[in-house]
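The structure under discussion appears below in the form of structure tokens.
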Amino acid sequence: MNDIQERIENIRRRIAAAAARSGRDPASIELLAVSKTFPVETIREAVEAGQLLLGENKVQELLAKAPQLPAKLQWHLIGHLQSNKVRKILPHVKFIHSIDSLDLARDVDRIAAELGLHPQVYLEVNLAAESSKHGFSAEKLRSSLEDLYALRRLEIQGLMCIPPFDADAAKSRPYFVQLRELRDELEKTGGAPLPLLSMGMSHDFEVAIEEGATIVRVGSAIFGGRQAKV
Ligand SMILES: *Cc1c(COP(=O)(O)O)cnc(C)c1O
């Protein structure tokens, strides 16, 4: 086994242990390997370790890499999506984690209808109201929910968040709790299930699992450090 394969095995073990600690079925938690900035040769090593769910944060990068890798891979877009790139990306992704405004949701819905698609999406919530990040505020999401549910092409599966970075994973916990509680609230008021929670990264995925994550987005703990912060 090479380094990447060992790291994936290790992360899978840690996911299973975090699930066991919180009385959850490990099979209810998916690992999304975030391959941004890494070349296809490196990603191939992850694929050989059985890693089929891959995440990219940029449309161009995803579109450049996907055709060079096996068709069985499931691509997830996790970064901000500009409206003028929706048409290009929709046919290539299984999930969009970053529906961060009602305007974007409307564009995705309209273009999905034109393309005959039913995209599965997460609504991104900017819990700490950081100006550097995209996403609905909790308040905005509450007031937009009816309009979002009127978009019949969108399969809204759950919520996503990126807490403010802190090397101490314990600092992320209150945000993960908030996202779960917001989900519970919106399920009641919206009358529709939101089963999935996309939360947790390399430094805090175990805490996220303890608080209900159904998919963790792990990059550097699998592929190593990235050159620049992206
Ligand atoms: C880069 C990125 C990740 C992965 O971050 P790591 O700290 O490398 O695990 C997760 N989610 C999003 C939205 C990202 O952009």
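Each ligand, and each atom within it, is numbered from 1 in the order the structure gives. Numbers here simply count residues along the sequence, with the first being 1.
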Inset, instruction - Please report the closest heavy-atom contact between I209 and S22, naming both atoms and the distance. - result: O-OG, 4.1 Å
Legend entry - Within reach of ligand 1, part of V218 (heavy-atom separation under 4.0 Å): backbone
Inset, instruction - Could you tell me if any non-hydrogen atom of H97 lies under 4.0 Å from any atom of ligand 1? - result: no
Check each of [options] against [atom] and report the one with the nearest heavy atom.
| atom | options | answer |
| --- | --- | --- |
| atom 10 (C) of ligand 1 | K36, R217, R226 | R217 |
| atom 9 (O) of ligand 1 | G79, G224, G225, S202 | S202 |
| atom 7 (O) of ligand 1 | G200, S220, G219, C161 | S220 |

Inset, instruction - Find all atoms of ligand 1 within a distance of less than 4.0 Å from any non-hydrogen atom belonging to I162, and give their numbers and elements. - result: 13 (C)
Legend entry - Residue pair E56 / S35, side-chain donor-acceptor N/O under 3.5 Å: yes
Inset, instruction - Answer with yes or no whether the side chains of K85 and Q82 bring together a donor and an acceptor at under 3.5 Å. - result: yes
Inset, instruction - Kindly assign one of parallel, tilted or perpendicular to the pair H97 and H76, based on the angle between their ring planes and the thresholds 30° and 60°. - result: tilted
Inset, instruction - Any chance you could measure E185, atom CD, to R142, atom CZ, to the nearest 0.5 Å? - result: 4.0 Å
